[in-house]
Amino acid sequence: MSRSGRLFLLMDAMRAKRVPVTAAQLAQQLGVSERTIYRDIQTLAELGAPLQGEAGIGYVLRRGAFLPPLMFGADELEALVLGARWVRRQGDAGLAQAASNALAKIAAASPRDLRDSMAETSLWVPLGRPADGTQPADRYVQPVREAIRYEQKLTLAYQDEHGRATSRTVWPFALAFFEGKRLLAAWCELRGDYRHFRIDRIADVRQHAERYPTRRHVLLDAWRKAHEIDPES
């Protein structure tokens, strides 16, 4: 590995830590000697990296410091490109454009060889209809997503699995993207409990200007606990 590449990895290793990390820990993680870590930290400090700490105690990046991740490994690049390509086919024009813009920004801030690697990545998300033949109601993905972001109520004209029509005012807090289906998790005012709504069964959406009374993260945490969902999922 080149020294410049190792310096980027060292910055990434410290960026991921909220508490000081020792040279010994960094050396083990990067597979180099502690002497090399001390030398690289000195180099980063001379280059103006926002580091705090000292030998024997540990090092940490100052809070609030913005360090653009200019260097990516091969696996990281493939994950970024594959993820963006998956997002672009999820039926949400806003997210699709955002995914393309994000890749363009990453490419613009990366060395030329990384831009070429991104363009030549051979991991693809197949296009076309989902395998089960369903077609999600794409036009409702974006308003639902925006309501989640701004913690706003929605009134849904909805059909259950038996085709029965109902109107529900909900507090949306999560949206799951399954292959061919989108599932909204929300607090339902009618039922006084958490409910799940398939986006393809929504006939109409009315957005409310008012925010719902409970913060989104509180609803999400309670929902996860009620359904024993891993917070990291």
Side-chain angles (χ1 to χ4, degrees), residues 64 66 68-69 79-109 125-130 132 134-161 163-227 229-233:
F66 175 71
L80 286 170
V81 175
L82 183 61
R85 288 173 176 170
W86 186 87
V87 168
R88 285 192 300 210
R89 64 152 299 188
Q90 295 310 306
D92 183 324
L95 279 183
Q97 186 60 54
S100 296
N101 292 346
L103 283 183
K105 289 179 180 179
I106 292 170
V125 177
L127 298 177
R129 296 175 63 86
D132 63 358
T134 61
Q135 194 75 354
D138 297 339
R139 64 187 179 279
Y140 297 128
V141 174
Q142 185 162 342
V144 166
R145 187 166 53 82
E146 290 174 351
I148 291 172
R149 178 188 302 164
Y150 299 115
E151 301 181 345
Q152 293 174 324
K153 292 184 179 183
L154 289 175
T155 295
L156 310 177
Y158 192 75
Q159 289 187 331
D160 64 18
E161 65 271 23
R164 294 187 294 255
T166 183
S167 178
R168 304 288 185 92
T169 297
V170 301
W171 309 350
F173 59 84
L175 182 62
F177 288 75
F178 297 99
E179 188 61 33
K181 294 182 178 65
R182 317 291 178 265
L183 191 67
L184 169 65
W187 177 267
C188 178
E189 291 187 351
L190 178 66
R191 301 303 184 192
D193 201 355
Y194 295 105
R195 287 293 186 269
H196 303 105
F197 302 91
R198 279 178 45 171
I199 299 298
D200 60 319
R201 290 179 180 164
I202 295 176
D204 193 25
V205 169
R206 180 167 64 87
Q207 295 176 278
H208 295 250
E210 67 175 303
R211 293 178 59 171
Y212 46 75
T214 305
R215 296 306 304 269
R216 180 181 62 199
H217 69 88
V218 175
L219 292 171
L220 184 59
D221 288 345
W223 173 75
R224 283 171 170 164
K225 291 176 182 178
H227 294 83
I229 296 175
D230 185 349
E232 299 299 323
S233 63

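Only this structure's heavy atoms are used, side chains among them; waters, hydrogens and symmetry mates stay out. Each residue takes its place number in the sequence, starting with 1. Bear in mind the structure is a predicted one, so any value in this text is a computation, not a measurement.
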- Query: Should R198 and E161 count as side-chain neighbours, where that means a heavy-atom distance under 4.5 Å?
  - Reply: no
- Is it true that a side-chain atom of Q152 and a backbone atom of R211 form a donor plus acceptor pair closer than 3.5 Å? no
- Measure the OH-CH2 distance between Y194 and W187 for me, rounded to the nearest 0.5 Å. 6.0 Å
- Message: Could you report the tightest heavy-atom contact between R88 and A96, atom names first, then the distance?
- Response: CG-O, 3.6 Å
- Message: Using modelled atom types and a 3.5 Å cut-off, is there a donor and acceptor pairing between side-chain atoms of R206 and backbone atoms of L156?
- Response: no
- Message: Measuring from atom CD of Q159 to atom CG of D200, what distance do you get when rounded to the nearest 0.5 angstrom?
- Response: 10.5 Å
- Task: Decide yes or no for V205 and T155: does some side-chain heavy atom of the first lie under 4.5 Å from some side-chain heavy atom of the second?
- Result: no
- Locate the shortest heavy-atom distance separating Q207 from L154; write the atom from each residue and the value. CG-CD2, 3.6 Å
- How far does CG of D204 sit from OH of Y140, to the nearest 0.5 angstrom? 4.5 Å
- Can you name the nearest heavy-atom pair linking A174 to L184, along with the distance? O-CD1, 3.3 Å
- Task: Might you point out which heavy atoms bring A99 and V87 nearest each other, and give the distance in Å?
- Result: CB-CG1, 3.9 Å
- Query: In Å and rounded to the nearest 0.5 Å, what is the CG to CD distance from L95 to Q97?
  - Reply: 11.0 Å
- Note on the structure: The reported gap from CG in L175 to CD1 in I148 (rounded to nearest 0.5 angstrom) is 5.0 Å
- Query: Do V141 and F177 have side chains that get closer than 4.5 Å, going by heavy atoms?
  - Reply: yes
- Query: Nearest heavy-atom pair of A185 and H196: which atoms, and what distance?
  - Reply: CB-CD2, 3.8 Å
- Could you grab the distance from atom CZ of R85 to atom CG of L103, nearest 0.5 Å is fine? 8.0 Å
- Ignoring hydrogens and angles, tell me if any N or O in the side chain of R201 forms a donor-acceptor pair with the backbone of F197 under 3.5 Å. no
- Item | Candidate list R195, K153, R168, test salt bridge (charged side-chain N to carboxylate O under 4.0 Å, His left out), partner E189, passing option | K153
- Task: Would you please classify the geometry between the W171 ring and the Y212 ring as parallel, tilted or perpendicular, with 30° and 60° separating the classes?
- Result: parallel
- Message: Looking at every heavy atom in both A147 and P172, which two are closest together, and how far apart are they?
- Response: CB-CG, 3.8 Å
- Message: Could you go through R215 and E151, starting from their C-alpha distance and side-chain angles, then the distance that decides it, and tell me whether this counts as salt bridge (Lys or Arg N to Asp or Glu O under 4.0 Å)?
- Response: CA-CA 7 Å; R215 296 306 304 269; E151 301 181 345; 2.8 Å; yes
